[in-house]
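Chain letters run A, B, ... following the sequence lines, proteins first, then strands; residues in each count from 1.
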Amino acid sequence: MDAFAVFRNRVEEKLINLFPELSDNKQALSRFVVEPPRDASHGDLSCNAAMVLSKVLKSNPRAIAEKLVAEFANDEQVEKIDVAGPGFINFTLTPDVWQSVIADANKQGADYGRPEVAPVGKVNVEYVSANPTGPLHVGHTRGAVFGDALASLMDFCRYDITREYYINDAGGQITVLANSAYLRYCEALGDDIGEIPAGLYPGKYLIPVGQALAEKFGDSLKSMDETERETTIRPVVLELMMDLVRDDLKKLGIKHDLFFSEASLHGGGNGGDIKETLDWLGEEGLVYQGTLEAPKGKTPEDWEDREQTLFKASDFGDDTDRALVKSDGTYTYFAADIAYHRNKYLRGFNSQIVVLGADHAGYIKRLSAAGKAVSGGEAEVDVKICQLVNLLRNGEPAKMSKRSGNFVTMAQLVDEVGADVVRFIMLFRRNEAQLDFDFDLVTQQTRENPVFYVQYAHARACSAFRNAARDVPELDVSLEALQKADLSKLSHPAEISLLKTMGQFPRAIEAAAAAHEPHRVAFYVHELAAAFHAFWTKGKEEPQLRFVNHEDRTITLARLAMVNAVRQILRNGLSILGVSAPEELS
RNA sequence: GGUCCCGUAGCUCAACUGGAUAGAGCAGCUGACUUCUAAUCAGCAGGUUGCAGGUUCGAGUCCUGCCGGGAUCGCCA
């Protein structure tokens, strides 16, 4: 059981008993929380219901609190309850509540921390969505890890999740890509191509693409006219580039359920494509011909008023209306984006999360406007912006290879420091805060390195079992035996304190998922690791707190049950983050 | 000029979406290894949460206006 959730339910129940008028005021009831007090001396749980509801109940908070407290007089799990400050209700629970965390974690295993009921509705998480014109670089990495962890987190919390990658395969950059690849194809056939002309992609990653084209087509491409050639090689090159992207993502353990092609929105006709969407918006009266005002303060030199097809984005909270059709008659990128969001809505996603890079900050309003417009207000678009990552070496900005066409790729990053480090560090910050990634720090094996610190806690927990096997080999420490341990032995303040930290896992996870903030999981496992390290060291000062007690097998078993639960919770948390939990560190 | 993000200890960052005395790590100082890996831990010190107002029982968090840093700004994607 999750003590916080359980007691929240009890408080709600008693409130309705005391104040029947609340029973049809779900909104008011949803506002109070049961949470750990900041100051542990206030007790185990703190509830603000009396204060939150005082206005609705037209009564003063302390009076409401007193009534509630009386209701808990006979609750066997409440050791102490009182009213404090302006009307907080503070609970101190009996030790068995916290001890039961161990039993739960050991029994539920990998499912410990999952909410019992699944939230309603389907959620779409779109992340990476990098242009398929080259390998992924550092800038993509944070968004990739963030999106993946967020999806895992919500998946763990039983949300119905689809992980999606939007392939920008319709724009002019793909033509450039195809031409660049063609040049490499000529090179593969033995031509001297000299310098790569400006405007084409110079990267060496296209060399194997050129070779692949040469193998597939021989020299037949050379005799084609430009248009035919492009339409021939375009899909082939795209597929090769997407293979490259997928290989990069695989190195970080990131996968998607669906790769959605932007180009498919341009032709289709099967519902939710651009034309259909624009027609639909037109019927709704949200499209018109008009001119936009030049931006104030910084009018471009070549600004000219031009009438164009516009979408009434400003009706949905955007700053200005947005162009849908370019002067050459093709659709703008945003037009495709609107169609894409409509497509998602038609596929049943009322919750759409889009993970974007820092340079897309100005895109937030536009996308939520699109989301509202195409769904009649039903779909919610949550745009998560991942801020820049500063690469450092020894505290100095990392000097990257200056050779043209080179940048730090995701693959290089993973090869140098490992996927666990990349993932954890990227998740150990709020997504909207800039992040320093120091190569020297993250490869150290000290407490300064949070990845190591957490993994070490897990490895230590495992080593406790190795030691037990060595010191008390006759003791059965199988999961079955641990589940029979007498947990009431674990009543030392240091133990209760560790158990409380453990017991917060379920609500920490649930809150992180609801807020779309996976970094909280990283902070939680770090906190649990700290609590475990602290308990471990306490065993040095107070030998009776060591896991293995040679005089008392019952307590040894109980302690090991606790260690196993810690290990399990760390694993569950790390697994959400996609970080491994090694049994031993080298 | 508009919009968005950020501003919290000397440094890097938290603060469970409005809760009680704002917390961690690093750097600094003091301690703990014949002991389950000290790869760790305990303690001390460090703050007018950029500034000024407002909302209420209560604000780092919400609203308004400034200051500073970053990003972005009609048909690129």
Distance criterion of 3.5 Å, no angle test: do you see the side chain of [X] paired donor-to-acceptor with the base of [N]?
X: A/Ser46; N: B/A20; value: yes
X: A/Asn90; N: B/A20; value: yes
X: A/Arg429; N: B/U12; value: no
X: A/Asn48; N: B/G19; value: yes
X: A/Arg430; N: B/C13; value: no

Notebook entry, point to check: Quick check, are the ring centers of A/Tyr165 and A/Tyr127 under 6.0 angstrom apart?
Noted result: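 No, they do not, as the ring centres are separated by 6.0 Å or more.
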Checklist line | Whole-angstrom distance between B/A77 and B/G68, as gauged at atom C1' | finding: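 Rounded to whole Å, the distance is 32 Å.
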Check: If the P atom of B/A14 is compared with that of B/A9, how far apart are they to the nearest Å?
Finding: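 Straight-line distance between the two P atoms is 13 Å.
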Using a 4.0 Å heavy-atom cut-off, does [X] contact any base of the nucleic acid, only the sugar-phosphate backbone, or nothing at all?
X: A/Ala464; result: nothing
X: A/Ala515; result: base
X: A/His519; result: sugar-phosphate
X: A/Arg460; result: sugar-phosphate
X: A/Tyr453; result: sugar-phosphate
X: A/Leu292; result: sugar-phosphate
X: A/Gly87; result: nothing

Margin query: When you measure from the centre of the six-membered ring of A/Phe465, is the NZ or CZ of A/Arg567 closer than 6.0 Å and no more than 45° off the axis?
Written below: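 Yes, A/Arg567 sits over the ring of A/Phe465.
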Item checked: Along RNA chain B (nearest heavy atom to each residue), the more 5'-positioned of A/Phe334 and A/Leu545 ->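 With A/Phe334 and A/Leu545 compared, the 5'-side residue is A/Leu545.
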Checklist line | A/Tyr333 or A/Pro61, whichever maps to the more 5' nucleotide of RNA chain B | finding: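 In this pair, the answer is A/Pro61.
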Check: Does the side chain of A/Arg234 pick up a donor-acceptor pair with the side chain of A/Thr175 at under 3.5 Å?
Finding: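 Yes - a donor-acceptor pair under 3.5 Å links their side chains.
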Next item on the list: Verify the stacking flag for A/Phe88 against B/G19: centroid separation must be under 5.5 angstrom and the ring planes must differ by under 30 degrees.
Entry: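 Given the distance and angle limits, no, they do not stack.
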